[in-house]
Amino acid sequence: RASSTDTFSYATYHTLDEIYGFMDMLVAEHPQLVSKLQIGSTYEGRPIYVLKFSTGGNNRPAIWIDTGIHSREWVTQASGIWFAKKITQDYGQDPALTSILDNMDIFLEIVTNPDGFAFTHTKNRLWRKTRSITPGSSCIGVDPNRNWDAGFGKAGASNNPCSETYHGKFANSETEVKSIVDFVKSHGNIKAFISIHSYSQLLLYPYGYTTEPASDHNELDQLAKSAVTALASLYGTKFKYGSIIKAIYRASGGTIDWTYNQGIKYSYTFELRDTGRYGFLLPASQIIPTAQETWLALKTIMEYTMNHPY
Amino acid sequence: KEDFVGHQVLRISAADEAQVQKVTELEYLEHLQLDFWRGPAQPGTPIDVRVPFSSVQAVKVFLEAHGIEYTIMIEDVQSLLDEEQEQIFAFQT
């Protein structure tokens, strides 16, 4: 077990316990900057933790980043760990990040689907959904990215509990989703919401459940272009960008459609590496380069959010 | 622990809406136990699907019978998983 976040290995995949242990180490090493909040518990009773990075103030405008809502997308949780460490390393060093944290808070939920993630380590590496039981069905789990109250149950999700895109009995039926919904509503001052998936190398903005363009479509598109340009500047990794329904396919009940409809203008979903050589089984050797390039895009979005208060 | 020996991931290139529809039909054949890594979308965007060993032949015959192009993205899912486990184990030791 690593004795500090400096000896922790960011270049390998970790279990849920190791990630929760990392969080505790990071908080212990930076008590003035980092705190750990429990926003709820999973279906199987595991705690759901969010790291809060704050330099003071009261209920400051905030940026939310989550990884791992689809548990098999391991490079996202691994990148989330790297982001957490990066924030503590760069505050006070990197002018852009320092300015962001002097004005805003950052919330980072690294393991957004703990039950599913534990299951990928113990039983089925390719598990995607939650682990909730659906009465009347022998199939387990709900797709937590189809369970939000935004176009819920419309085309772009399945009502079959055995499907990988099963939307659940009702919106927010999954405690992993409801915990975030309650947190976002109670905080009330989140200005950017970024949910990170893999794979396909895409940067997406609302909507997924309708072809109606978002009212801020042009601004979101421009910012996405800047973000993917920053991302590509490091290793040349090419991302496409656009609205969910245009860039990939119709998807209802999605996270960022709900956050956007809550008034969180800068709502984005990333689909990280790769484009399909390894898919969800991305070799660990690509964790750090993936996190590094994604960080440049995240900073672009965070800086823009800070400079365009609304 | 779930075993994925012989499972393949196919990358399907649907040329038109009719072919996307055909692939979508596959999604509802539960006995095939297909796992769409990238679901059917508009023509031209890749569709990635993990096919259990027991369904590989049937799925390939179906695609070829309908003239739907595909390539094998991952020959054997389990071998990649084994590599991943070895890497984690090597790191831990």
Side-chain angles (χ1 to χ4, degrees), chain A residues 1-2 8-15 18 70 72-75 78 119-129 139 143 146 156-158 160-165 197-200 202 208 240 244-251 271 274-287, chain B residues 1-5 7-14 17 20-21 23-52 70-93:
Chain A
R1 188 63 71 99
F8 187 88
S9 173
Y10 300 89
T12 187
Y13 292 114
H14 290 276
T15 64
E18 288 167 347
H70 285 148
R72 64 182 172 187
E73 299 166 6
W74 277 14
V75 71
F119 199 70
T120 60
H121 276 274
T122 55
K123 294 286 189 309
N124 180 343
R125 167 70 179 78
L126 292 173
W127 190 262
R128 161 191 169 98
K129 304 191 283 183
C139 290
D143 181 346
R146 297 293 187 282
S158 170
N160 175 357
C162 299
S163 166
E164 290 293 351
T165 56
H197 292 247
S198 78
Y199 62 96
S200 297
L202 297 168
K240 292 179 181 168
I244 297 167
I245 198 163
K246 285 230 171 62
I248 27 172
Y249 43 46
R250 187 179 287 270
E271 292 282 357
D274 62 11
T275 55
R277 169 65 189 82
Y278 294 101
F280 302 123
L281 308 181
L282 194 72
S285 56
Q286 293 198 42
I287 292 172
Chain B
K1 203 159 188 177
E2 191 92 12
D3 181 287
F4 295 96
V5 174
H7 290 220
Q8 290 193 331
V9 178
L10 304 183
R11 167 151 289 188
I12 300 170
S13 309
E17 205 49 59
V20 172
Q21 208 40 53
V23 178
T24 305
E25 285 168 21
L26 277 179
E27 195 171 4
Y28 294 107
L29 301 178
E30 278 188 27
H31 68 282
L32 293 176
Q33 291 196 303
L34 301 183
D35 171 16
F36 280 85
W37 284 16
R38 284 183 63 150
Q42 51 262 21
T45 50
I47 302 168
D48 298 343
V49 56
R50 174 175 60 84
V51 184
Y70 70 88
T71 57
I72 300 174
M73 183 170 122
I74 296 177
E75 281 281 350
D76 182 295
V77 171
Q78 191 57 46
S79 59
L80 275 189
L81 292 178
D82 293 344
E83 276 175 42
E84 185 178 75
Q85 278 307 306
E86 279 157 29
Q87 191 274 339
I88 294 174
F89 185 69
F91 162 71
Q92 284 172 345
T93 47

Minimum heavy-atom distance A:Tyr278-B:Ile74, with the two atoms named: O-CD1, 3.8 Å

Considering all heavy atoms, the nearest B:Gln42-A:Ile248 contact: OE1-O, 3.0 Å

B:Ile88 portion near chain A, given a 4.5 angstrom heavy-atom threshold: both

B:Gln92 atom CD, neighbour heavy-atom count above 12 within 6.0 Å: yes

Part of A:Ala251 lying under 4.5 Å from any heavy atom of chain B: neither

Closest contact, heavy atoms only, A:Leu126 versus B:Trp37: CD2-CZ2, 3.7 Å

Interface moiety of B:Tyr28 toward chain A, non-hydrogen atoms closer than 4.5 Å: neither

Chain B contact via A:Thr275 - side chain, backbone, both or neither, heavy atoms under 4.5 Å: backbone

Contact origin within B:Pro46 toward chain A - heavy atom pairs under 4.5 Å: neither

Heavy-atom pair count under 4.5 Å with chain B, highest-scoring of A:Arg128, A:Arg72, A:Arg277, A:Arg250: A:Arg72

Under 4.5 Å from any heavy atom of chain A - which part of B:Glu83: neither

Chain B contact via A:Lys240 - side chain, backbone, both or neither, heavy atoms under 4.5 Å: neither

Worked check of side-chain contact (heavy atoms from CB on, under 4.5 Å) between A:Tyr249 and B:Arg38: CA-CA 10 Å; A:Tyr249 43 46; B:Arg38 284 183 63 150; 5.6 Å; no

CA sep, side-chain torsions, deciding dist, call: A:Arg125, B:Glu84, side-chain contact (heavy atoms from CB on, under 4.5 Å): CA-CA 10 Å; A:Arg125 167 70 179 78; B:Glu84 185 178 75; 2.6 Å; yes

Distance (rounded to the nearest 0.5 Å) between B:Lys1 NZ and A:Thr122 OG1: 7.0 Å

Interface residue of largest heavy-atom contact number with chain B, from A:Glu271, A:Lys123, A:His14, under 4.5 Å: A:Lys123

B:Arg50 CZ to A:Leu281 CG distance, which is reported to the nearest 0.5 Å: 9.5 Å

Check: A:Glu164 side chain, B:Leu34 main-chain N or O, donor-acceptor pair, under 3.5 Å: no

Option in B:Leu81, B:Val9, B:Val77, B:Thr45 with maximal non-hydrogen atom pairs under 4.5 Å from chain A: B:Leu81

Per-residue contact mode, A:Trp127 against chain B (heavy atom under 4.5 angstrom): neither

Proximal component of A:Phe119, with respect to chain B [non-hydrogen, under 4.5 Å]: neither

